[in-house]
Every structure is written in structure tokens, then in C-alpha cells.
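Because the structure is predicted, anything quoted here is derived from the model rather than measured.
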Protein chains: 2
Amino acid sequence: MPPVNPKTSYPSGLDCRLAVLGRDARLTPHRRAVFQTLAESTDHPTALDLFTRIKTRSSDISLATVYNCLEHLTSNGLIKQVHLERGQSRYCANLHEHVHFHCEKCGKVTDAHPMADFDPATYWNLPKGAKVTRTDVAIHGLCPDCTK
Amino acid sequence: MPPVNPKTSYPSGLDCRLAVLGRDARLTPHRRAVFQTLAESTDHPTALDLFTRIKTRSSDISLATVYNCLEHLTSNGLIKQVHLERGQSRYCANLHEHVHFHCEKCGKVTDAHPMADFDPATYWNLPKGAKVTRTDVAIHGLCPDCTK
DNA sequence: AATTAGAACTAGAATGATTCTAAAATGATC
DNA sequence: GATCATTTTAGAATCATTCTAGTTCTAATT
């Protein structure tokens, strides 16, 4: 096994999360840009949002590459895809267990972190013998700013 | 206020739910077909599913009309739109409070009814001052048939 | 340093779900 | 039975995403 090139492989120093990737998953400038732009965003941007931000702030990139990078990062478990309504997918670099609060007026999406363990089987009658792997919770309502 | 035409207005006898509509919301044969076809379905069909079922089983209809009827029924609160993944919207005539169990293998969607009151604020740290109007819960996993 | 094989990037085409448009049909009221 | 609003329709348009196929880039090898 040849040595990993420190310049182009996902370094564990930059962000421990990036280290989970195998050595053949390259940390290209584009992937870095997509990941970092998303990590700096608190607003759950769409692919197009990220495309615009990366294009104006830093390097040139194509929309197809943004989609490729997002798919790569998602399938490697570095980021998560979020679906709140039909339409565009949104992305989220927060890997801590959390759910989403969606403001129906301004559209803002806020992460809500757990205070206690949650088991859906205590609240809903699941099919007998079903095996739960994941529970998606989306809370809709009015954010503090929009209740005024 | 002129009398309601019993033949074309949503009758309260057929299904009490249909009575919630105002008198200017007509119960056309197409709307009736879309509603009834959905009400008889347990599989959370897509607009295209409903289009095919209505077209083959009963009257002729266009896909645009299915979309129009679904939009009409949804905005009048007679049916619900369900988004489990990106892609097509699914529809559900079950208005009892419930959540959805989605089998990741066979794709089947099952309604899961509540056994206890559920307040998301006891589990997740919502933004201070936020007002919750609705909580969408989608439970993903393997259905009883697929665990075998 | 040049070669090579594979991975990543790209523009533009293609796809799939949905919405829009504008005209025709239908229904309700006058 | 005329009139006006609503519904239906086919087909065009749109929007987000994925695909295609050619090009460029990267890293290991010569």
C-alpha cells in the first residue's frame, strides 16, 4: 500500500470527520470547498445555494460538480441530505443527532438537539415485527422572529 | 344564499369529511373519483398511481386533472400530502393523527397510529419562543415481511 | 520528466415530477 | 336559454436532478 499524499487525501487534522474516508476518496479542492461552505452555513442550503456561494466567494465550479461532491460527501457519511418539503434537497453538515424545526412563514430551518432518548415505539403502533433504523422528525411552526 | 345543489355539492351523507367544503367547492365526478380512489387505497399512491387507477377502473381523466383535484382536496383539508423522500409526492386519505412507517427495502408505507400524546418539546431543544403547529414523523426501517 | 490508468470535472442533454397556459367544456345562476 | 364562473384538458414550460461523453487532473509507474 503506497503512502497517502498529505496534500490531496482527507487529512485528520483539518476536521476529524474527513478522516473517515478511505485513501482513494480524494480531497479535491472542489470537495473541500463544498464541505467547508456547507460547514460554515447554518441555513441548510440547497445544491444551488452552495453552487452560488462557492462560485462567488472562491473558486469556479460547475453545478454538476456541486451535485457530485454532495453525493460523494453524503454517501461517505460526512454530511446529511434533508427533505422538508417537496422540491430541492437541503444539506446539513451537523452530524450530531438532531431534528429540524422549519418556520412556515420565513422558511428558516433550525437544528433542534435532543434532550432525552427518543423511541418512536412508545408513541406509535408500529407494524408488528418491523425493525426501525432511523426516525426523521420535522417540526413545523413559527420561529421566534415570526411569532412577533 | 341560494340552495345547495344536492347532486354536485359535497354531500354530508356520503362521507362526513366532504361536508367541510363550502358550497362553491363543487363535487365534480373527477374530484369524487380522486377522493374515492385514494380513500380505497392503503398504499399512499402518487398522483400518477391515482391517474392510472382512475383511468383503467372508471372514468377517463387527465393527469393534470388528477393534480388539480389533489391540490383542491389537499387545500380543503380532505386529504394529506406525504413527503417521505425526494421525488414524487404521495397522498393519504387517513386524517386520523398518525405517522408513517417506511420500509427501506420494499418501499411500502404503513400508517402508525398514536398510543400516547406526543410533545416534541420534551425531546428536542426547540428555538426559544417558537410555536409548533405540526410535527412530521417518518420512521424508516424494515417492514415485517422484509425482516425475514 | 513522460506514461498511464483511473478519478474528477464539465457543459449540455435528458429525465421525471409538477405546474402553467390557454382554450374548450361544464355547471350554476339570472 | 344566456351568461359567467369554474373545471377540465392537452400540451408546453419549468424546476431540480441525473446522465453522457469528452476533457482534465492526479498519483503511481516507467
Which protein N or O atoms sit under 3.5 Å from an N or O of nucleotides 11-16 of chain D?
{"residue": "D:dA16", "atom": "OP1", "partner": "A:Gln88", "partner atom": "NE2", "Å": "3.4"}

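Under 4.0 angstrom from either OP1 or OP2 of D:dT6 there lies no side-chain N or O belonging to B:His72. Note on A:Thr28: every side-chain N or O is 4.0 Å or more away from OP1 and OP2 of C:dA7. For the OP1/OP2 pair of C:dT10 and a distance below 4.0 Å, the side-chain nitrogens and oxygens of A:His30 include at least one atom meeting the criterion. The shortest distance between the side-chain N/O atoms of A:Ser62 and the OP1/OP2 oxygens of C:dT10 is below 4.0 Å.
Taking B:Pro144 as the reference, A:Pro127, A:Ala130 meet the side chain to side chain contact (heavy atoms under 4.5 Å, CB included) condition, with sequence neighbours excluded. Scanning for side chain to side chain contact (heavy atoms under 4.5 Å, CB included) contacts around A:Asp145 gives A:Lys108, A:Cys143, A:Lys148, with sequence neighbours left out.
Classified by interplanar angle (parallel below 30°, tilted 30° to 60°, perpendicular above 60°), the ring pair A:His100/A:His44 is perpendicular.
Ranking C:dT18, D:dT9, C:dC9 by closeness to the B:Ile61 side chain, first place goes to D:dT9.
Nearest-nucleotide mapping onto DNA chain C: of B:His83 and B:Pro29, the residue sitting toward the 5' end is B:His83.
Using a 4.0 Å cut-off between a side-chain N of Lys or Arg and a carboxylate O of Asp or Glu, B:Asp43 and B:Arg53 qualify as a salt bridge.
With contacts defined as side-chain heavy-atom distances shorter than 4.5 Å, the pair B:Lys80/B:His98 qualifies.
Aromatic pair B:Phe101/A:Trp124: centroids not less than 6.0 angstrom apart.
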